[in-house]
Every structure is written in C-alpha cells, then in structure tokens.
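This report refers to the structure that appears directly beneath it.
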Amino acid sequence: MVRRLAEVAKKVGVSEATVSRVLNGKPGVSEGTRAAVLTALDVMGYERPTQLRGERARLVGLVLPELQNPIFPAFAEIVVGALAQRGFTPVLCTRTAGGVTEADYVEMLLDQAVSGVIFFGGLYAQADSPHGHYARLAERNLPTVLLNAAVDNLDFPRVSCDDAAAAEQAVAHLTALGHDRIGMILGPPDHVPSNRKLAAARRAVHLPEDRVEHALFSLEGGQAAATRLINRGITALVCASDPLALGAVRAVRRLGLHVPGDVSIVGYDDSALMSATDPPLSTVRQPIELMGRAAVELLMAEIAGTPVTHDELLFEPELVLRKSSGPVPTADRATPGTRPAGPTAP
C-alpha cells in the first residue's frame, strides 16, 4: 500500500496524504485532483478500493484495427488530443491477427470501468463478422461512438465519411480524363463502406463484375487485385484505401507499365506521405480532424448524460489531385497486349 501511494502521488504530483484521502473517500480534495488520482490508479494497473469500483474511470477506450495504415495513427492523434483537453486518458487497443480480438478488448475495457469507447474501422463495418461484443456495450449502457459505416442493426452514434460521394468524385475525375474502362479495388465483400462506394460507382458508370476486385486492405492485396484488373484491360483504378492504391502502383510497374501513362490510380484517405510517393498519389481525403473531434463531442455528451442523435453523421470527402491520374492512353497503348513495355520496378 505504501509503495502504491508513493507511485500514484509521484505520477499525479500530489502528496501521499492526498492520495490516501482520495482512496479512503475523505473530504478536503478538489474534484480535479480526485479525478487525476483515480485515473492514475487505473492507468498504472492498480485496483480501486472496493467503495470506488462502481464509478467509471476517466478513461476512454480507442479501438483501432491496425496501426500500419497511416490513417489510423493520424485519427488516434486527433482523438487523443481532444480527449486530453477534456481531462480523459485514452486506452489504445489495436487488434492483432491471431492475438487479442476486438471482443477481448471490449471485456478488458469493461473490467477497467472506462467512461466510454470510440471505434474506428471495427468489425461493425463487416456484415459477416461477430457483433456480440457490441451488444455487451449496449447492455452496460456504456457511451460508444462508431467511426465510419456500420451494419444497420447497431444503435450507436456514428460519424462517417460519405463513401458514396468519395466514389462519385473519383469516378467523375477519371471519366473527365476520358477513361471508360475503370476498375475498382475494394475491401472484403461484406465490408459496408466498400459496398457503398461500389453502389455509387455503378450509378455513375458501367462497372461489370469483372472490373471489381475485393482484397484485404494491404499493399499485397492491392497488387494482386490490380494485376488481375490490368490484365483485363482497365485503364484506371479506384481504390478503397491508400495502401491498396500503392499496391496497384507496384502492380503496374511489375507489368512493365507506367502510372499514369498506362494506368491511372486514385486512392482513398489521403493518409500521411501520399504527396511524397512516386508518383504522388491522387486520392480522396477523409476529413479526419473534423470526424475525430465530432466523435469525441458525441462521446462527451453521452458521458454527461445528454441525449445525442444516433443518426449517422456524414462528412464530405475532398478529391486531392496529384500525379497518379492522367488522360486515358491513346488507342494503341490502351489495347490489352499492345501496351509498350516500360521499366520493371525492383
């Protein structure tokens, strides 16, 4: 107990006597100091005294699918900053293949008595994935906000980028450049945001099944899908993420072709360093800062007991034009099997 008092006091910057008063429920401590001591106790992994365990900690779970895609750390940075301004400490939870699952993280966060949870790109976006852990959050009335599109039966506040508008912008850009053989590389077949993009693209252009490929959200997935589509004669690609688009660029080069001379490519997200790729990537930017701050505002309102809308809030994306998209190739270059060979990427 003495060691715990000393460590918590040092972390918060108060005396051990102040920590002792908080842990024993004694008066004479400001609400801000009391909250800081309890948060430090949670962050450092110490159990709260029995009389304090019914209270929610000033912790917020931030559940991300991965950190390799730069868009997720960018989102986390915005949310962490907004939470800190309100006196909350984030608990970062990242799913790992074959390791800790999203459902496992939910149980851990419930055990920690967090004040709320924000998800970005979770299993709620995949229709065929298990969703039982979201029911657990609802049963406990834990404030929860979902970022980006979800399956229909989850009744949580949602903040999304307008996937339909994103696809429409990308397709309109490519058709204006003269492309009529456009392909799409999307996430898994049950992925709700990808399906929204596909539906919008099909409303805008002729897009038969053989011009659509589904892949894991990775460079390798993008490369394999793009190779198949290029061999079918497409001249432009709309991709559901920037990593997929970069994989498509690699596929073009491995086939001895050029971006955008032979194949134009448009990504999605405008994650970090997309202006520094070769060529710089044309992409559709998600308004991550606006979305992240809106998610935190919704969560704070729910934590305070203020009713908030559970309708999906849609944010408008922005097409960012760089060097990976250009005019349709001339007829002799566009015909499958007659494209001139170019240097193969290493």
Residue [X] excluded, over 12 heavy atoms near [atom1] under 6.0 Å:
{"X": "Leu273", "atom1": "CG", "value": "no"}
{"X": "Gln68", "atom1": "CD", "value": "no"}
{"X": "Leu321", "atom1": "CG", "value": "yes"}
{"X": "Asp152", "atom1": "CG", "value": "no"}

Could you give me the CA-CA distance, side-chain angles and deciding distance for Glu16 and Arg21, then say whether salt bridge (Lys or Arg N to Asp or Glu O under 4.0 Å) is met? CA-CA 9 Å; Glu16 293 180 31; Arg21 283 198 293 273; over 6 Å; no
Using side chain to side chain contact (heavy atoms under 4.5 Å, CB included), reason through Val284 and Glu318 one step at a time and then give a plain yes or no. CA-CA 5 Å; Val284 181; Glu318 177 189 359; over 6 Å; no
Hydrophobic cluster membership, [X] vs [Y], 4.5 Å side-chain cutoff:
{"X": "Leu110", "Y": "Val117", "value": "yes"}
{"X": "Leu255", "Y": "Val252", "value": "yes"}
{"X": "Phe75", "Y": "Val296", "value": "yes"}
{"X": "Leu314", "Y": "Val145", "value": "no"}
{"X": "Val259", "Y": "Leu174", "value": "no"}

Determine whether a donor-acceptor pair (N or O, by modelled atom type, separation under 3.5 Å) exists between the side chain of [X] and the backbone of [Y].
{"X": "Asp111", "Y": "Met108", "value": "no"}
{"X": "His191", "Y": "Gln126", "value": "no"}
{"X": "Thr309", "Y": "Asp311", "value": "yes"}
{"X": "Gln169", "Y": "Pro317", "value": "yes"}
{"X": "Arg158", "Y": "Leu147", "value": "no"}
{"X": "Ser324", "Y": "Leu281", "value": "no"}
{"X": "Asp190", "Y": "Asp128", "value": "yes"}
{"X": "Glu77", "Y": "Val80", "value": "no"}
{"X": "His131", "Y": "Leu123", "value": "yes"}
{"X": "Asn148", "Y": "Phe120", "value": "no"}

In the structure I gave you, are the side-chain heavy atoms of [X] and [Y] within less than 4.5 Å of one another anywhere?
{"X": "Gln223", "Y": "Arg254", "result": "yes"}
{"X": "Cys239", "Y": "Tyr268", "result": "no"}
{"X": "Pro287", "Y": "Cys161", "result": "yes"}
{"X": "Asp180", "Y": "Val205", "result": "no"}
{"X": "Val266", "Y": "Val171", "result": "no"}
{"X": "Phe315", "Y": "Asp162", "result": "no"}
{"X": "His214", "Y": "Pro188", "result": "no"}
{"X": "Arg203", "Y": "Glu168", "result": "yes"}

Might you point out which heavy atoms bring [X] and [Y] nearest each other, and give the distance in Å?
{"X": "Val249", "Y": "Pro279", "answer": "CG1-CD, 4.4 Å"}
{"X": "Glu102", "Y": "Gly122", "answer": "OE1-CA, 3.3 Å"}
{"X": "Ala149", "Y": "Asp163", "answer": "CB-OD2, 4.2 Å"}
{"X": "Val114", "Y": "Leu59", "answer": "CB-O, 3.4 Å"}
{"X": "Gly187", "Y": "Ala240", "answer": "N-CB, 4.2 Å"}
{"X": "Leu64", "Y": "Ala76", "answer": "CD1-CB, 4.0 Å"}

Take Val238 and Lys197 through the side chain to side chain contact (heavy atoms under 4.5 Å, CB included) test and state the conclusion after the steps. CA-CA 10 Å; Val238 175; Lys197 291 181 176 72; over 6 Å; no
List the steps, then state whether ring-ring contact (aromatic ring centres under 6.0 Å, His included) holds for Tyr105 with His133. CA-CA 9 Å; Tyr105 277 128; His133 51 291; over 10 Å; no
Pairwise distance [atom1]([X]) to [atom2]([Y]) - rounded to 0.5 angstrom:
{"X": "Leu146", "Y": "Asp155", "atom1": "CG", "atom2": "CG", "value": "10.0 Å"}
{"X": "Leu83", "Y": "Leu62", "atom1": "CG", "atom2": "CG", "value": "7.5 Å"}
{"X": "Ile303", "Y": "Arg58", "atom1": "CD1", "atom2": "CZ", "value": "8.0 Å"}
{"X": "Thr94", "Y": "Leu67", "atom1": "OG1", "atom2": "CG", "value": "4.0 Å"}
{"X": "Thr144", "Y": "Asn141", "atom1": "OG1", "atom2": "CG", "value": "9.5 Å"}
{"X": "Ser115", "Y": "Leu142", "atom1": "OG", "atom2": "CG", "value": "8.0 Å"}

Hey, are [Y] and [X] close enough side-chain-wise for a donor-acceptor pair under 3.5 Å?
{"X": "Asp242", "Y": "Ser271", "result": "yes"}
{"X": "Thr283", "Y": "Asp270", "result": "no"}
{"X": "His173", "Y": "Ser282", "result": "no"}
{"X": "Tyr134", "Y": "Glu139", "result": "no"}

Let me see the working for Leu246 and Met274 under side chain to side chain contact (heavy atoms under 4.5 Å, CB included), right down to the final yes or no. CA-CA 9 Å; Leu246 295 180; Met274 291 305 103; 3.8 Å; yes
Start with the C-alpha distance between Asp278 and Arg253, add both sets of side-chain angles, then the distance that settles salt bridge (Lys or Arg N to Asp or Glu O under 4.0 Å), and finish with yes or no. CA-CA 11 Å; Asp278 180 23; Arg253 289 177 172 165; 3.4 Å; yes
Would you say the ring centroid of Tyr124 lies under 6.0 angstrom from that of Phe156? no
Salt bridge or not between Glu289 and Arg293? Use side-chain N to carboxylate O under 4.0 Å. yes
Go through the steps to decide whether Leu177 and Val328 satisfy the test side chain to side chain contact (heavy atoms under 4.5 Å, CB included), and finish with yes or no. CA-CA 6 Å; Leu177 291 171; Val328 65; over 6 Å; no
Step by step, work out the salt bridge (Lys or Arg N to Asp or Glu O under 4.0 Å) result for Glu297 and Arg86. CA-CA 10 Å; Glu297 292 292 342; Arg86 292 159 177 81; 2.3 Å; yes
Knowing that exactly one of Arg181, Arg232, Met184 qualifies, which makes a side-chain contact (heavy atoms from CB on, under 4.5 Å) with Arg211?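 Testing each of Arg181, Arg232, Met184 against Arg211, the sole residue satisfying side-chain contact (heavy atoms from CB on, under 4.5 Å) is Arg181.
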